[in-house]
Structures are given as structure tokens and as C-alpha cells.
There are 2 protein chains.
Amino acid sequence: MSNTNLKQLAAALGLSISSVSKALRDSYEISAETKKRVVEMATRMNYQPNPFASSLRRKKSATIGVVIPEIANNFFALAIDGIQMVAEQKGYHVLTYLTHENNTNEVSTVRHLLGGRVDGVLMSLCRDTQSVDHLSSLQESGIPLVFFDRVPEQMSCPTVTTDDYESGFRATEHLIQSGCKRIACLSLSHYLSISNKRMNGYMDALKKHGLPVENELIIQCTNDNEYNLSLIKTLLKGRKRPDGIFSTVEKLAISVYYVTQEMGLEIPKQLKIISFSNLRTASLLNPSLSTITQPAFEIGLEAAALLFRMIEKKTFGNRIDKLELKSALIERKSSERINKN
Amino acid sequence: MSNTNLKQLAAALGLSISSVSKALRDSYEISAETKKRVVEMATRMNYQPNPFASSLRRKKSATIGVVIPEIANNFFALAIDGIQMVAEQKGYHVLTYLTHENNTNEVSTVRHLLGGRVDGVLMSLCRDTQSVDHLSSLQESGIPLVFFDRVPEQMSCPTVTTDDYESGFRATEHLIQSGCKRIACLSLSHYLSISNKRMNGYMDALKKHGLPVENELIIQCTNDNEYNLSLIKTLLKGRKRPDGIFSTVEKLAISVYYVTQEMGLEIPKQLKIISFSNLRTASLLNPSLSTITQPAFEIGLEAAALLFRMIEKKTFGNRIDKLELKSALIERKSSERINKN
DNA sequence: TAAATTAACGAAAACGCTGCCGGATCTAAT
DNA sequence: ATTAGATCCGGCAGCGTTTTCGTTAATTTA
């Protein structure tokens, strides 16, 4: 509640409201001298413009919305960091919404956003989003919308992603070259294109090297951590235990570590693993974890930059940008070849 | 840009604007039948109320601001998670601001917040904040303000913190009981009360057990990761190397791991370490890291709950809540006693 | 010198919504 | 029958800005 408004400022200066407004917005209609007086008085009276009045009038909120599944996640935290950096530089505010991987939340969040609270939206889908109706309606409402990482396949929209197929392929091939014959894939969701792309890379790598694709080795994980742990346990306790794991998401790799620790399974001797991950401590784990590391910060940065180009109408009418960044495969102990001797 | 507004709705219904508004807000002045008609038409015409007009009129934004040093940090990510949960339940939106541990950013963020964009502010100070003038002015402006974790000592304000002194004491005592004789303390900032409280706990534990407090063992770290690494290196390479480290913050403990890995120092044999941390992978590190783990999610939850109590009951003038939650000390390998034999 | 231009400012109308009134109709109480 | 009280709805005045359009005085041009 900033108490002083334009009216009071104008009264104190003996000017009209409109003149003060113009002076503060540096209009050519106001003399330099008056501008100086106004600015001085404004700081002296600690004037802060009312953002709602301004937004109402100008139909601009100077705010963007960010919709993500979760925040306690290294990837999304880094992405938000990148987004915030761009937003701050542009003088924009950032509203954050968490869907908690729940489509119902995603839909209701989008409905809120339709109210015009934000000038643009950055979004990463939640794992159980199938229908894109809510996304289409948001897009059709005219508000700039950019997806990052978890993007919808069914609609035409600007996106910033990584080379998921190639990464899945390379990761799997790396496991094969380290001697794995039975490689399991831990999938986040069969609805998400990134998950499927990574899995396709996995399958194609298997095929290329003459290994069979076995459905029982492709584990569709859920949002219930306990249940995922039990899935992993049964996988690793089965008679035909895999000798390699390709995890499409960090959280599942950590679960694998917990399970192997509990079971006394030795990584990489009895089981090798590589995972998508942005863990800062990947190299400090026991054993250090081989990762495909996405440029999370840059993804946020680029997605935000793209969004602002759309907001500022610098991008032409019906042009749709699709940016793909490269992930890095970092080999560590967890997928190291064991010399049998 | 929601295109339909109350005026159009009213026209389509043959009602007045105010009646439609009241119907949508479920006023007792409107008949049940009319309400039903209005709601139906509203959904049919895809009406979304303009949040700015509403905020301008009601002088409520249904938004809270969260100001934190960084987001790519397990503690703050978890705290935000808790905050968001409460905010969502209350129907509030969350604006996030990052200061990047830079006081200048903090000051300018607070200035923005003074504009009345939010109904309340949750805040955790940045490491180099000394003067609290900007915070006082925010508080004096009448907007509810709650600090969590990193709180200002010089001003009277509601806070949610943890038992930092006791945690520092217990952590240090634990190292002593594990056989450490020379324990270093890695401090985040000599401006922050939490850092100082943790350090005071450390010093008192030393005194209690008859160990000297040596200034050269108290390392004031900076915001420059590279420089911190070099500080840690010189500490560990000195002739009188410490045999224990109490790290007041997760990031510095990770740096210690990197340095010991590079130097070939063995934890816990040659060096023991315990650190404040919310790492999910603490038990998977090599060796597993002993931690003081703050209830970060609960901190966010409680801070938000406290804030909403203030927002909703403005009448409760001069009461100042100070909530202290307990951290958990979790002993793991990194601080394990070595049996000399 | 008259006309045209420019500079500097003010008046007023929105932006979309809420909330205080006041008014009309209808039922219930005296 | 008259009054009192519900019930249901509309009018209107803002909330604080921005922006268009006037208006006046000063300056320039023909």
C-alpha cells in the first residue's frame, strides 16, 4: 500500500495529474525543468505507481507466468534461474505455478492465466497431460506461450528442448559399449514426448547393436516414489536381472542407488547405470553417476528470450520457433566397463 | 487478454453490470435463479474476470511475494514448495524474486514491492545485507512481512527459523566425540544471524570440551565459488590441517568434497565433516555426508501460514510471532569415529 | 503584422470491476 | 388497509493510471 498517488503528487507540485504522469514517463510534452521537479518530488514523497491501475489501463502486466511440475528438482530450479535472469533484465515479474505433476492443477492454472494476469507463459507439461485443449485455448487467447523441455507434440507451438532422442541413443550405446547385454529403461511417462524420444533412442540403440527390446525391461514409473522403489526392487530382484539401466530422469536414478545400497548390489560391477540428471553431486556419489546433463539454465534463458521476442512482437506473425539445445554425456564410474580377469 | 468482460456479459443477459458482478460473487442480493443463469452464461462466454480491475478496486492483489537469494538451492526450493502449497490453497498467486545474494538487488526488489503489487512478503535475506532500512520501510508501509531462515536481527519482525545455535553446538560436539581435535568452521557470512548463531554454537562446543577457538580455523566464505575452493584448499593444505570441518551451508561442504577428492584426502579417516544440508543424495555420497537437515518444506509452510494469518487479520496489530523449528542431526560416514588399531 | 507553428500543460474519458445506495415489487405483520 | 420488512435488482461513483484532445502562450514564418 504505497500511500502517495499521482493526485497527491500533482497537488504538491501544483501541476495536473496528467502532466505528472507524462513527466514520470518522460514525455516530450513536458519541459526538462518540470520533469526534474516532478522526479525529485516523486522520490521525496516516495511515490510508487500503482501497478494495477497501470496494468488495467495499458493492458500490460509486465509479468510472465511459469508453469512447471515441481520446483524441488535441479532441472527446473536451474531453468527458473535462467528465466528469472531474462525477466529481471526486461523489467518483468515472474509468477510461478506448480502443477505437482497433476493435470487437474495444470488445467486450473491455465484457466487462471486466461484471465490476463500475465503477458506471456512459459510452461513444461506435467507427466499425465494427454489432452491439450487447455493449452490450445491459452494459445488461441493470444497470449504468447512457449514450452520448454516437456512440450506437447499434438500442437504447433514454440518450444525449447534438447536432443532427447540422440541422448537416449548415446546413453544406451555407451552402456552397451561398457559391456551391458540386458539394459532396462526407466521411463517417466508414456504421455510425455521427451520420455518417449529418450526411450526411442534407447530402443534404436539396442536394435543397432542386435540386442532385443524386451517390454519387461521398460518400466513405466509413476509419481509415487514408494511405488517406484518397489518397481525397481522387483526389477532388480527378478531372476533375469538387467545389467544396465538407462534412467530418463534423475529421481529414478537416485531410487536405483537406494535400492542397490539396500540390496548390496555393486555398481558398476553387477549393474551399470546412466541417467538424465542435473545433480551437482553426481561426481561425488558412490559410485559417481554417469549422466546426460541438460543445459537447464540455458533452456530457461532461451525459452524466456523467445517468449519476450513474441511479447515484443519482434517475431513475425505466424512464425514458430523450435530450438533444440544439446545435452552433454558425462561418463563416470557408474557405467564403467569392468575388466574381467 | 480475456475478451469478454462484465459489460458484455450483462448485455447478453439483459442484466446490469453490478448484478452480474454480484451474481458471480455469490451475493445474497441476487436470486438463486439469476445466479444460475449468470454462471452459465459466464462459462459459455468463457468469461474471466480482469484481475487488475479487481485488484485496483478492492486494493487486494491475491498475490504474495517471495524474496530469496537463490533458487538452485535445495533448501530454498523446498521452502518455496511449502509456500506454494499454502498459497495455492488460499487462492493466492506467488511472485518470486531472486537477489542472487546481492544486496543491491534486494533493495531494488523491495522498492518494487512497495508499489503494492503484493498483499504480503516472505523473505530470506541475502548474505551481504547489513542495513535494514529497506526492510523497515517495507514493514512500515503496512504490508505484512515474514522472514524465514535468514532473518534480520536488528528489527522486530515475525520470523520462522530453526535452532541454529543448538544445531551448531550439537554438530561440533558430534565431531569432537568422533575424535576431532582441530575443527574448522566454514561460515557463509558474518552479516547473517543464522551464520553467526551456528558459529557461536560451534565456538561454545569447542569451549565446553576445552578446545581452543582459533581464528584461522574460522573461514569466512564468499559468493565466489572458485575463491571458496581456494580458501578450502589452503585450509586443507596448511601445515596444521584441521581434522574436522563444520560447514554452515551445503554448498561449502560439496566444495570440501571436491577438494578432498582432488587432494586424495580420505574422509572420514583424515578429515571428518558435517554440514547443514538438504541434499537428497547425502546418504549416497562417497562417503555419505553427515548433515544437519532443516525442515525446509515446513519452514516454508509455517512462514506462509503465518503470513496469511497477518494478511487475513489485520486487526491483530502489535503481535509478533517468532517460530523456531528443530533441525535433525543425521550422523553418517563422513563424521564417523575411526578406531585406531 | 498576421498567420502558422511549436511548446507546455490541463481536462476528461476510459480500463473493468466493486460496493454503497436507492428503488421497485411482494409478502407479512399490525 | 396501512405499514414494515424482505427480496431482488440497477445506478453510480470511484480505484489510480494512461492517453487523446484541447487550450493557452510563446515563437517562428510569410
Side-chain angles (χ1 to χ4, degrees), chain A residues 1-39 41-42 45-63 91 112 114-119 141-142, chain B residues 1-39 41-42 45-63 91 112 114-119 141-142:
Chain A
M1 250 158 266
S2 163
N3 276 328
T4 84
N5 55 19
L6 277 187
K7 196 174 172 183
Q8 295 167 23
L9 245 187
L13 285 158
L15 286 170
S16 76
I17 295 178
S18 61
S19 295
V20 176
S21 172
K22 285 180 215 168
L24 290 172
R25 317 201 91 246
D26 202 28
S27 162
Y28 69 96
E29 292 184 78
I30 305 296
S31 72
E33 190 192 12
T34 307
K35 279 181 191 167
K36 204 179 132 195
R37 274 182 62 219
V38 171
V39 170
M41 183 62 84
M45 293 181 67
N46 204 20
Y47 169 74
Q48 292 296 133
N50 183 310
F52 306 116
S54 180
S55 291
L56 176 61
R57 185 55 227 253
R58 309 178 65 191
K59 296 184 176 301
K60 291 253 172 79
S61 64
T63 306
H112 274 125
L114 275 171
R117 191 177 289 271
V118 296
D119 297 342
S141 80
Chain B
M1 252 157 266
S2 161
N3 277 328
T4 85
N5 54 21
L6 277 187
K7 196 173 173 183
Q8 295 167 22
L9 246 186
L13 284 158
L15 286 171
S16 75
I17 294 178
S18 64
S19 295
V20 177
S21 171
K22 283 180 226 170
L24 291 173
R25 317 196 92 246
D26 201 28
S27 162
Y28 68 97
E29 291 184 75
I30 305 295
S31 71
E33 190 191 13
T34 307
K35 278 180 191 167
K36 205 179 134 197
R37 274 184 62 219
V38 171
V39 171
M41 182 62 84
M45 293 181 68
N46 203 20
Y47 170 75
Q48 292 296 134
N50 183 310
F52 305 116
S54 179
S55 291
L56 176 60
R57 182 58 225 258
R58 308 178 66 193
K59 296 186 176 300
K60 291 255 169 78
S61 63
T63 306
H112 274 124
L114 273 172
R117 191 178 290 270
V118 296
D119 297 342
S141 80

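The analysis underlying the following values was restricted to heavy atoms, covering all of them including side chains, and did not include hydrogens, waters or symmetry mates. Residue numbers begin at 1 in each chain, while the letters A, B, ... track the order of the sequences.
Taking the side chain to side chain donor-acceptor pair (under 3.5 Å) definition, one finds that A:Ser61 meets it with A:Asp119, sequence neighbours left out. Contacts of A:Thr34 classified as side chain to side chain donor-acceptor pair (under 3.5 Å), with partners at least two apart in sequence or in another chain: A:Ser31. The side-chain contact (heavy atoms from CB on, under 4.5 Å) check on A:Ala62 picks up nothing, with sequence neighbours excluded.
Residues A:Leu15 and A:Leu9 are not in side-chain contact: their nearest non-hydrogen atoms beyond the backbone lie 4.5 Å or more apart. Contact annotation: the side chain of B:Lys7 never approaches that of B:Val20 to less than 4.5 Å [non-hydrogen atoms, C-beta and beyond].
At least one side-chain nitrogen or oxygen of B:Arg25 sits closer than 4.0 Å to the OP1 or OP2 atom of C:dG19.
Among residues at least two apart or in separate chains, side-chain hydrogen bond (donor to acceptor under 3.5 Å, both in side chains) pairs with a member in residues 11-26 of chain A are A:Ser16-A:Ser18, A:Ser16-A:Ser19, A:Asp26-A:Lys35.
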Got a list of protein N/O to nucleotides 9-12 of chain C N/O distances below 3.5 Å?
| from | atom 1 | to | atom 2 | distance (Å) |
| --- | --- | --- | --- | --- |
| C:dC9 | OP1 | A:Thr34 | OG1 | 2.7 |
| C:dC9 | OP2 | A:Ser31 | N | 3.0 |
| C:dC9 | OP2 | A:Ser31 | OG | 3.3 |
| C:dC9 | OP2 | A:Thr34 | OG1 | 3.2 |
| C:dC9 | N4 | A:Glu29 | OE1 | 2.3 |
| C:dG10 | OP1 | A:Ser16 | N | 3.4 |
| C:dG10 | OP2 | A:Ser16 | N | 2.8 |
| C:dG10 | OP2 | A:Ser16 | OG | 2.9 |
| C:dG10 | OP2 | A:Ser19 | OG | 2.4 |
| C:dG10 | N7 | A:Ser18 | OG | 3.4 |
| C:dG10 | O6 | A:Lys22 | NZ | 2.5 |
| C:dA11 | N6 | A:Ser18 | OG | 3.3 |

Protein-nucleotides 14-16 of chain D N/O pairs closer than 3.5 Å?
| from | atom 1 | to | atom 2 | distance (Å) |
| --- | --- | --- | --- | --- |
| D:dG14 | N2 | B:Arg57 | NH1 | 3.0 |
| D:dC15 | O3' | B:Lys59 | NZ | 3.1 |
| D:dG16 | OP1 | B:Lys59 | NZ | 3.0 |
| D:dG16 | N2 | A:Ala53 | O | 3.4 |

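Computed from coordinates, the B:Leu24 CG to C:dG16 P distance equals 16 Å when rounded to whole Å.
Considering CG of B:Leu114 and CG of A:Asn46, their distance stands at 6.5 Å, rounded to 0.5 Å.
Minimum interatomic distance between A:Ala42 and A:Leu24 (heavy atoms only, all atoms of both residues): CB-CD2, 4.1 Å.
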